[in-house]
Amino acid sequence: MSSMLETENLMVFYENAVAVNDISIEVEDGEIRGIIGANSAGKTTLMYTLSGIILDIKRKEEMRGGERITVLGKVLYKGENITYMKPSSRAEKGIILCPERRRVFAESSVFENLKIGGYLFKDSGERRKMLDFVFHLFPELIPLKKRPAGFLSGGEQQMLAIGRALMAKPKLLLLDEPLLGLAPSVQSRVIKAIKDIKNEMGITLVIAEQYARPILPIIDRGYIIENGAITLSGDREDLMSNPEVKAAYFGV
Ligand code: ATP
């Protein structure tokens, strides 16, 4: 049986600078996999490569005569080579990215943002079911349905961004820095929702995060990346008890 998602010797270059350096990872069905790394470690570039957005960025750069982006190695989804598959086709297969810094549509209402997330569904019954789940997961959003997303707090915007990604009915949800800029109490709220997404919906998650302390306890397995390369991998307990991880992320 092949893994849900695998990369083989993935490399991404911006011009001659390497952002993702020989990354091989495996993600199994139903787990939460962490990608932990500091600023500029390469997390966003890796998430763009898994979701396919890097191909759009590469094409745009080529059209405007901008920087050269090179992707080498392979991304496999359930054994199929999707390295050069466009992001919309990956989304149809269930690979959905919730991007860094939320990126909600500021002028659209909460409800419109969620509807946009569900555009892949022809079936309105399916859409309704997902919407119910999103409001069950984030009841905070119910009284805010009509409010423009730009007027929400950072935490509410993050809930909306995750809700919008869920509306696309992911099988594999890629969360890029979901805790960025949130107060610790709001981080705990988002963490709880992430656990519920896995437990109640059986959705597989890959979470890229720099805040190791709140994230490590909820991942099944993870990778530490530095300067674009994996420096350590293991299950939750291995990583949490590792002296280098403790020193770098727990301040002990
Ligand atoms: P952050 O937490 O700051 O978002 P990150 O771990 O997500 O960091 P990336 O954004 O993937 O890291 O960046 C990895 C490396 O690639 C960095 O050195 C960054 O400066 C570089 N980089 C990212 N985007 C580009 C780009 N469009 N052009 C050139 N270099 C880039």
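One-based numbering, in listed order, for ligands and for the atoms of each. Here the structure is a predicted model, which is why all the values come from computation and not from measurement. Reckoned from all heavy atoms, side chains included, excluding hydrogens, waters and symmetry mates. One is the number of the first residue; the rest follow in order along the sequence.
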Do any heavy atoms of M47 fall under 4.0 Å from ligand 1? no
Shortest non-hydrogen contact between I225 and G42, atoms and distance: CD1-C, 4.1 Å
Shortest protein contact, atom 2 (O) of ligand 1 (heavy atom only): E177 OE2, 2.7 Å
Answer whether the closest heavy-atom distance between the side chains of L50 and L5 falls below 4.5 Å. yes
One thing to verify: whether E61 and R68 come together as a salt bridge, which I'm taking to mean a side-chain N less than 4.0 angstrom from a carboxylate O. no
Can a salt bridge be assigned to the pair R59 and D56 using a cut-off of 4.0 Å between side-chain N and carboxylate O? yes
Honestly, is K58 close enough over Y14, meaning NZ or CZ under 6.0 Å from the six-membered ring centre and within 45° of the axis? no
Is ligand 1 less than 4.0 angstrom away from at least one heavy atom of G228? no
In this structure, atom 10 (O) of ligand 1 is nearest to the protein heavy atom T44 CB, 3.8 Å
In this structure, atom 26 (C) of ligand 1 is nearest to the protein heavy atom E67 OE2, 3.2 Å
Is V206 close to I35 at the side-chain level, that is, under 4.5 Å between some pair of heavy atoms? yes
Using a 4.0 Å cut-off to any heavy atom of A41, which atoms of ligand 1 qualify? 5 (P), 6 (O), 12 (O)
Going by heavy atoms in the side chains, are I194 and I218 under 4.5 Å from each other? yes
Which heavy atom of E209 sits nearest a heavy atom of L180, and at what distance? OE1-N, 4.4 Å
Please state which protein non-hydrogen atom is closest to atom 12 (O) of ligand 1 and give its distance, to 0.1 Å? G42 N, 3.1 Å
Which residue and atom name correspond to the protein heavy atom nearest atom 5 (P) of ligand 1, and how close is it? K43 N, 3.4 Å
Ligand 1 atoms in contact with A38 (distance to a heavy atom under 4.0 Å): 6 (O)
Protein residue, atom and distance nearest to atom 9 (P) of ligand 1, heavy-atom basis: T45 OG1, 3.6 Å
Starting from atom 8 (O) of ligand 1, which protein heavy atom do you reach first, and at what distance in Å? S40 N, 2.7 Å
Residue, atom name and distance, where the atom is the protein heavy atom closest to atom 23 (C) of ligand 1: Y14 CE1, 3.4 Å
Heavy-atom contact check, 4.0 Å cutoff: does G37 meet ligand 1? no
Could you tell me whether atom 20 (O) of ligand 1 has a protein heavy atom closer than 4.0 Å? no
Find out whether I96 and L166 are in side-chain contact, i.e. whether some heavy atom of one side chain is under 4.5 Å from a heavy atom of the other. no
